[in-house]
Amino acid sequence: MTHRQAFATVPLREQIAELLRVGLQDVQTTGALPPFDIPKIIAVDQSRHEAHGDYASPVCMGLAKVLRRAPLQIAQVVAQHIPAVDFVALVEVAPPGYLNFTLSTDWVAHQVPTILEAGESWGNVALGSGQRAQVEFVSANPTGPITIGSARNAVIGDTLASVLAAAGYTVEREYYVNDAGSKVRNFGASIFARYANLLGEDVPFPEQGYPAAYVTELAKHAQAEFGDRYLTQDRDTAIRALGLWGIARILDGVRDDLAQLRVHFDTWFSEKSLYESGLFDVMMAKLREGGYVVEYDGATWFRHPDLEKDAVLIRSSQVIPDPEDRPTYLASDIPYLWNKIVERGFDKAIYVWGADHHGDVPRVQAAAKALGVDVDRLVFVIYQMVTLLRGGQEVRMSKSSGEFVTLRELVDEVGPDPIRFMMLTRTVDVTLDFDLDLAVEQSDRNPVYYVQYAHTRIAGVLRKAVEEGCDLDAPGDPALLTHPSELALVRKMLALPEVIALAANGMAPHYLTFYATELASLFHAFYRDCRVVSTAPEDAALTQARLMLARAAQHVLARVLHLMGMDAPERM
RNA sequence: GUCCCCGUGGCGCAAUGGACAGCGCACCUGGCUUCGAACCAGGGGGUUGUGAGUUCGAGUCUCACCGGGGACUCCA
């Protein structure tokens, strides 16, 4: 579990919105303009062009209609009422009605010691205000090794969890183990068949079984561990026992594989426990009471007005042949959401699901409504699928045929850093081509190393400084940081809090990769323009100031890399 | 058939409803006798799939259409 943050700042964008709010209120109270409603959300954007300052607000344009005045004129009045603060040097009015804010370069330079002191907590914001958020992700069926698709899930979920923690949420990471239902039985039957074959028994392989090689491997382990014990007992009992044993073994592998990708879970939650605890039955009774359950075609269905004529199968012995009459996969989602929100009291339950599950979203939401659970506390992050490319060719994957690339193979071949970075370079909404050849390539064509290179380059500069006898911990004078490249670098560092807020609000971890790349780029520009380590005596103070800046930049780069679950190397 | 995602320079992608739509790859030119060239600087290249609508303002929102991918009781 990630605990509450000790350090947080308010993003500059919000601070400027607050200045505008105060200014607009002042306009009201002084009667400088006719009365109007102050917008609840005051839009402030980072300026895209230098000529427009650092931040810009179009708020006055929205007021033009109500006030029946030209936006430019309104902006001119409002600008007069913006309170003076140390961090804003200039408020300008620009046609057709923008208010442009320019940060004080002196103030910007003086933030460097603050950033340095904050260290790895720089960027934290108090968005979550200690609310408890659970991120449930991966949750792949434990009937086989984790594949490349789950890698995207793992990286998105884990990074989102880190981002939410940085945004002030108390975060838990959870893996939902599908250890109930007919899958377990088919899996157990598959192991049993291979196991029996190894012992010379002619047991046919189940139709719905898992023919992959790892099942035979499991059977060999079972033979070594249990001998012929499972041939001598009741077959159903044996299949069940081998199924659960197999799942436990697969999960051990899953845990190891994910650890290689630097993904760790606080909780491994058993689907089976939802039935064993009786919660499923309690939920069914509750739904029945509300009239949300219907029976027909020999099956039990969940119905809700939101789903129109689309009823959801809950339990059937006819529609899906199952001797144990088990509830369906979807049925488990109902007690599970209750468990998350009501029993465990998470303020937010975040589901990271592949696009192949998007159809289940309205069903779970409808179930939440039927149970009286606030739907807004369930957040669904649906990401598009991954295709793996090797030699420009798509590598087809199919668990049933047993042909797939496992996460383990991928990590062994590529390493965790390129996987994590590449999985985060796109929005979750677009399908991702994972190019194996590019990922393993250690060259400037591989974008992964661009950011890490900036970090090591700083490390190199600092090593050089120590060689020259510099004291890295000695304070530098921020007032000496006046070069445009120095100030551009600091401005980008100052933007981290709003990047984290943006990523957390939008459940959009890809902002981190873009930010990291921009930050690295600005460091490289600084490096080009500003010599850091100078041995000339008259440069001593400037060297000290730039060392301070370089160290701060290194911290911020490391912070972002760590949020993405990547290494921040001293050497490459 | 119903639903979801995508359509932006040659290719791959960004852009919290705001100003002249950015970045990487590829291509062309230039930069290491001083801190790491896995780097930097400059250049060419765009009617944001089409058509309407909402808005002071649309790549972004709505509708229709076209094209690609996916889901619809195994799958991340």
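Keep in mind that this is a model prediction, so the values were computed, not measured. Residue numbering restarts at 1 for every chain, and letters A, B, ... go by the order of the sequence lines.
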Specify the residues of residues 446-463 of chain A, ordered by number, for which at least one heavy atom lies under 4.0 angstrom from an atom of RNA chain B.
A/Tyr449, A/Tyr450, A/Tyr453, A/Thr456, A/Arg457, A/Gly460, A/Val461, A/Arg463

Can you classify the ring geometry of A/Tyr176 versus A/Tyr336 as parallel (below 30°), tilted (30 to 60°) or perpendicular (above 60°)?
parallel

Among B/C75, B/C39, B/C35, which is the nearest nucleotide to the side chain of A/Asp444?
B/C39

Short heteroatom pairs, N/O only, protein and nucleotides 9-14 of chain B, under 3.5 Å:
from	atom 1	to	atom 2	distance (Å)
B/G12	O2'	A/Arg426	NH2	2.9
B/A14	OP1	A/Thr427	N	2.8
B/A14	OP1	A/Thr427	OG1	2.6

Using a strict 4.0 Å threshold on nitrogen-to-oxygen distance, state whether A/Arg531 and A/Asp539 make a salt bridge.
no

Using the ring of each side chain (for Trp, its six-membered ring), is A/His52 parallel, tilted or perpendicular to A/His49, with breaks at 30° and 60°?
perpendicular

Scan A/Glu50 against the nucleic acid and name what it touches under 4.0 Å (heavy atoms): base, sugar-phosphate only, or nothing.
nothing

Side chains of residues 62-75 of chain A: which donor-acceptor partners sit under 3.5 Å, not counting sequence neighbours?
none

Parallel, tilted or perpendicular, as decided by the 30° and 60° cut-offs, for the rings of A/Tyr175 and A/Trp268:
parallel

What does A/His52 touch in the nucleic acid at a heavy-atom separation under 4.0 angstrom: a base, only the sugar-phosphate, or nothing?
base

Not counting sequence neighbours, list each pair that qualifies as a salt bridge (charged side-chain N to carboxylate O under 4.0 Å, His left out) and has a residue in residues 143-156 of chain A.
none

Give none if B/U2 has no partner; otherwise give the nucleotide forming a Watson-Crick or G-U wobble pair with it, both distances under 3.5 Å.
B/A71

Mind running a 4.0 Å heavy-atom check of residues 516-523 of chain A against RNA chain B and sending the residues that fall below it, in number order?
none

Does A/Cys470 reach a base, just sugar-phosphate, or nothing at all? Heavy atoms under 4.0 Å.
nothing

Below 3.5 Å, does any donor atom in the side chain of A/Asp45 face an acceptor in the base of B/A19, or the other way round?
no

Think A/Lys65 has a side-chain N or O under 4.0 angstrom from the OP1 or OP2 of B/C56?
yes

Closest to the A/Asn100 side chain: B/C3, B/A76, B/A19?
B/A19

Base partner of B/U47, which must satisfy Watson-Crick or wobble distances under 3.5 Å:
none

Pairwise distance CG(A/Asn141) to CD1(A/Ile146) - rounded to 0.5 angstrom
10.0 Å

Listed nucleotide nearest any side-chain atom of A/His524, set B/A76, B/C40, B/C74:
B/C40

Could you list the donor-acceptor pairs under 3.5 angstrom formed between side-chain atoms of residues 450-465 of chain A and any protein atom two or more places apart in sequence or on another chain?
from	atom 1	to	atom 2	distance (Å)
A/Gln452	NE2	A/Asp417	OD2	3.0
A/Gln452	NE2	A/Asp567	O	2.8
A/His455	ND1	A/Pro569	O	2.8
A/Thr456	OG1	A/Tyr453	O	2.8
A/Arg457	NH1	A/His524	ND1	2.9
A/Arg463	NH1	A/Glu570	O	3.3
A/Lys464	NZ	A/Glu468	OE2	3.3

Which word best sums up how the rings of A/Tyr210 and A/Phe187 line up, parallel for under 30°, tilted for 30 to 60°, or perpendicular for over 60°?
perpendicular

